[in-house]
2 protein chains.
Amino acid sequence: MDPSRPTARTSKPPLEGPGSREKILDVAEALFARRGFAGVGLREVADQVGLGKSSLFHHFRNKVQLYLEVLLRVLGRIDERMRPALAAPGPPIERLDRGLDALIDALAEHPASARLLLRGLVEDEAFPADLGPEGDTVERRIAELLGGIQGLLREGIEQGAFRRVSIPHTMQTLIGATVYHFASGEFGEDLLGGPLLSADEVRRRKDEVRALLHHGLAA
Amino acid sequence: MDPSRPTARTSKPPLEGPGSREKILDVAEALFARRGFAGVGLREVADQVGLGKSSLFHHFRNKVQLYLEVLLRVLGRIDERMRPALAAPGPPIERLDRGLDALIDALAEHPASARLLLRGLVEDEAFPADLGPEGDTVERRIAELLGGIQGLLREGIEQGAFRRVSIPHTMQTLIGATVYHFASGEFGEDLLGGPLLSADEVRRRKDEVRALLHHGLAA
DNA sequence: GTCTATACTACGATAGAC
DNA sequence: GTCTATCGTAGTATAGAC
């Protein structure tokens, strides 16, 4: 990809495959999802990665930045799936169906995603006030994802395909039906009486959301 | 209530009105809602109450018990409102409407409730594993609240008034539409473009949930 | 019932050797 | 790029005076 990179290396084989950085993000993602920002100590992260605590600071400026990078990676994975689904041609209702299917697939693929996202949405005050540049990037990413759905809702209403619902309230209902559901973990599994992420239950959740749209939204 | 208690006290006027215990619960409720269990230090609680850190331990065995008592009070307030609404006579769909209205009123009345509840549902692993007797009480309380709704859903389906929806998935959708919505804080307010708890927006949320039931559930 | 004092552990973060 | 050592702070919790 990068033509300036020399073909033969001089020293220090860069350890192709997951470097420390990715491994740290993997571990941190799982831990932050389970216990939140304040509930995770960098020592635990380092131990699970197999590094000393101090080595983490070589890869990330501080704990907040690590958390935000984890969040950004999650948002990236979701965006990767949702964007093409929303953009594909077709009437609004179909694009919405496909977009939410893509969202659900993304949430189901990485079990930590929904929890991190829910925390990101709900936990305003869990961090030191200023988040630096990464914080803005996270907010922008979220706004983009929301914008895609909101635009479709607006479009469908304008075309007369949807009822004149409140767009913000519909957004909240959809977020609840998707992000909350897959973030509900053990509680959700108790309710369902089985795993949340089995192929069956993921399909049932898609059906539930689809029914929500078709019964509640279609004109 | 307790006949063994003497009618006239010997000393130490018991400071009728909100004693320290209630004040601690109030402060802790607000803080835990904002930053979660691990994100709150007992020092901050004590400072805001106007006590020394150590004095908290005179009222609560430890931090976990304080958290659970906060949660129990929240659950009690919700139960207080929902139980009579669900029990009142009428066809299932009306009782469901009234029950969810009562839930929304309860969530809107104390802004911390929804967040604490959402955390309670979603944050399994945020605490030391064993929660003692209060933990069981919390779980039982939640199960009771859920049971009321689930029972109504089942009843409505049996009577042919509701479509044959998946009860657990419908529960998840309803929890998302109520608890998640009122827990969404600043994010939700950005989405709505105004306060989440204004009389107007609370009413709109009730309408949204009602529409969810009537379009998605009614046969 | 609240206080001061204290024990012990963990935290995030930095410095500097290798 | 990882390590050891260390800094300063704050965490939960206990003991005991008042």
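Only heavy atoms go into these numbers, but all of them, side chains included; no hydrogens, no water, no symmetry mates. Predicted model, so just to flag it, every value in this text is computed and none were measured. Throughout, a chain's letter reflects where its sequence line sits, starting with A, and its residues are numbered from 1.
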TODO: Applying salt bridge (charged side-chain N to carboxylate O under 4.0 Å, His left out) between E123(B) and each of R35(A), R115(A), R34(A), R119(A), report the one that passes.
DONE: R119(A)

Open item on the list: Just the rounded figure in Å: distance from P of dT4(C) to CG of L51(B).
Closed with: 11 Å

TODO: Tell me whether the OP1 or OP2 atom of dC3(C) has a side-chain N or O from S54(B) closer than 4.0 Å.
DONE: no

- [ ] May I ask you to list the residues of residues 62-72 of chain B, by number, that have any heavy atom positioned under 4.0 Å from an atom of DNA chain C?
- [x] none

TODO: Using a strict 4.0 Å threshold on nitrogen-to-oxygen distance, state whether D101(B) and R210(B) make a salt bridge.
DONE: yes

Task: Minimum-distance nucleotide to F57(A) side chain [options: dA13(D), dT14(C), dT2(C)] - done: dT14(C)

Task: Whole angstrom value for the distance that separates P of dT2(C) from CZ of R21(B) - done: 12 Å

- [ ] Supply the atom-to-atom distance E144(B) CD to I78(B) CD1, rounded to the nearest 0.5 angstrom.
- [x] 13.0 Å

- [ ] Measure from NZ on K23(A) to P on dG1(D) and round the result to the nearest Å.
- [x] 14 Å

Task: Whole-Å gap separating P (dT14(C)) and NZ (K53(A)) - done: 12 Å

Task: Flag for R205(B)-T173(A): side-chain donor and acceptor within less than 3.5 Å - done: yes

Task: S20(A) vs dG1(D): side-chain N/O to OP1/OP2 distance below 4.0 Å - done: no

- [ ] Give a yes/no on whether any side-chain N or O of H58(B) is located under 4.0 angstrom from OP1 or OP2 of dG1(C).
- [x] yes

Task: Electrostatic pair R61(A):E134(A) at N-O distance under 4.0 angstrom - done: yes

TODO: Assign V40(B) to base, sugar-phosphate, or nothing according to its heavy-atom contacts below 4.0 angstrom with the strands shown.
DONE: sugar-phosphate

- [ ] Identify which nucleotide among dA13(D), dG12(C), dT2(C) has an atom closest to any side-chain atom of L42(B), counting heavy atoms from C-beta outward.
- [x] dA13(D)

- [ ] Check whether any side-chain heavy atom of I142(B) sits under 4.5 Å from a side-chain heavy atom of L121(B), and report yes or no.
- [x] yes

TODO: Specify the separation, in whole Å, of atom CZ of R61(A) and atom P of dA13(C).
DONE: 11 Å

TODO: Looking only at side-chain atoms of R43(A), point me to the closest of dA13(D), dC11(C), dT2(C).
DONE: dC11(C)

- [ ] Report the distance from atom CD of E44(A) to atom P of dA10(C), rounded to the nearest whole Å.
- [x] 12 Å

Open item on the list: Going by ring-ring contact (aromatic ring centres under 6.0 Å, His included), name the pairs with one or both residues in residues 166-201 of chain B, residues two or more places apart or in two chains.
Closed with: H169(A)-H181(B), H181(A)-H169(B)

